[in-house]
Enquirer: 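Structure provided below as structure tokens; questions to follow.
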Amino acid sequence: MPSSRRSAKRPYGAPPPPLDVERARGGLREVSGRDGKWTVRTVRSDDKTYRCPGCNQEIPPGVSHVVAWQSEAAWGREAGVEARRHWHAACFSRR
């Protein structure tokens, strides 16, 4: 039988907190630029080194960076996801 006790997290009648859309989408966000629309996620690698396509330098393990792929790839969304790349956040912003 369910409890009739209200949660103590939010007082009765208080408005709900605003929705964090990025968190609700799993960290994915859409970015538009002169080179089209991109799907972007911020990540932190634990054990792998990546090479940034923007500066051709390594992204060492443990460094926060972005994974990005074109949302409107020529051969479909799946092809865009397959062509995803790991970028330094600043390099992706400058692309």
Enquirer: Is any side-chain heavy atom of S64 closer than 4.5 Å to a side-chain heavy atom of V43?
Expert: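 They are not in side-chain contact.
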Enquirer: Which ILVMFWY residues are connected to F92, directly or by a chain of links, through side-chain heavy atoms under 4.5 Å apart?
Expert: V31, W38, V40, V66, W87
Enquirer: Check G62 against R44 and note the closest heavy-atom contact, atom names and distance.
Expert: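 Closest heavy-atom pair between G62 and R44: O-NH1, 3.0 Å.
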Enquirer: Do you know which of E58, R85, H65, Q57 makes side-chain contact (heavy atoms from CB on, under 4.5 Å) with Y50?
Expert: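 For Y50, the side-chain contact (heavy atoms from CB on, under 4.5 Å) test succeeds with only one of E58, R85, H65, Q57, which is H65.
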Enquirer: Identify the heavy atoms of T49 and P61 that sit nearest to each other, and give their distance.
Expert: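 Heavy atoms of T49 and P61 come nearest at OG1-CD, 3.3 Å.
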Enquirer: For R95, check side-chain hydrogen bond (donor to acceptor under 3.5 Å, both in side chains) against everything at least two apart and list the hits.
Expert: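 Checked R95 against side-chain hydrogen bond (donor to acceptor under 3.5 Å, both in side chains); matches are D35.
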Enquirer: Under the ring pair (Phe, Tyr, Trp, His ring centres under 6.0 Å) test, which residues partner H88, sequence neighbours left out?
Expert: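 Counting only residues at least two positions away or on another chain, H88 forms no ring pair (Phe, Tyr, Trp, His ring centres under 6.0 Å).
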Enquirer: For a quick test of reading the model, state the closest non-hydrogen atom pair linking C91 to G54 and the distance between them.
Expert: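 Looking at all heavy atoms of both residues, the shortest contact is CB-CA, 4.2 Å.
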Enquirer: Using modelled atom types only, decide if a donor and an acceptor are shared between the side chain of S71 and the backbone of T39 within a distance under 3.5 Å.
Expert: yes
Enquirer: Check whether R84 reaches the backbone of A68 with its side chain - one donor and one acceptor, N or O, closer than 3.5 Å.
Expert: no
Enquirer: Looking only at non-hydrogen atoms, find the nearest pair between R41 and L28 and report the distance.
Expert: NH2-CG, 3.6 Å
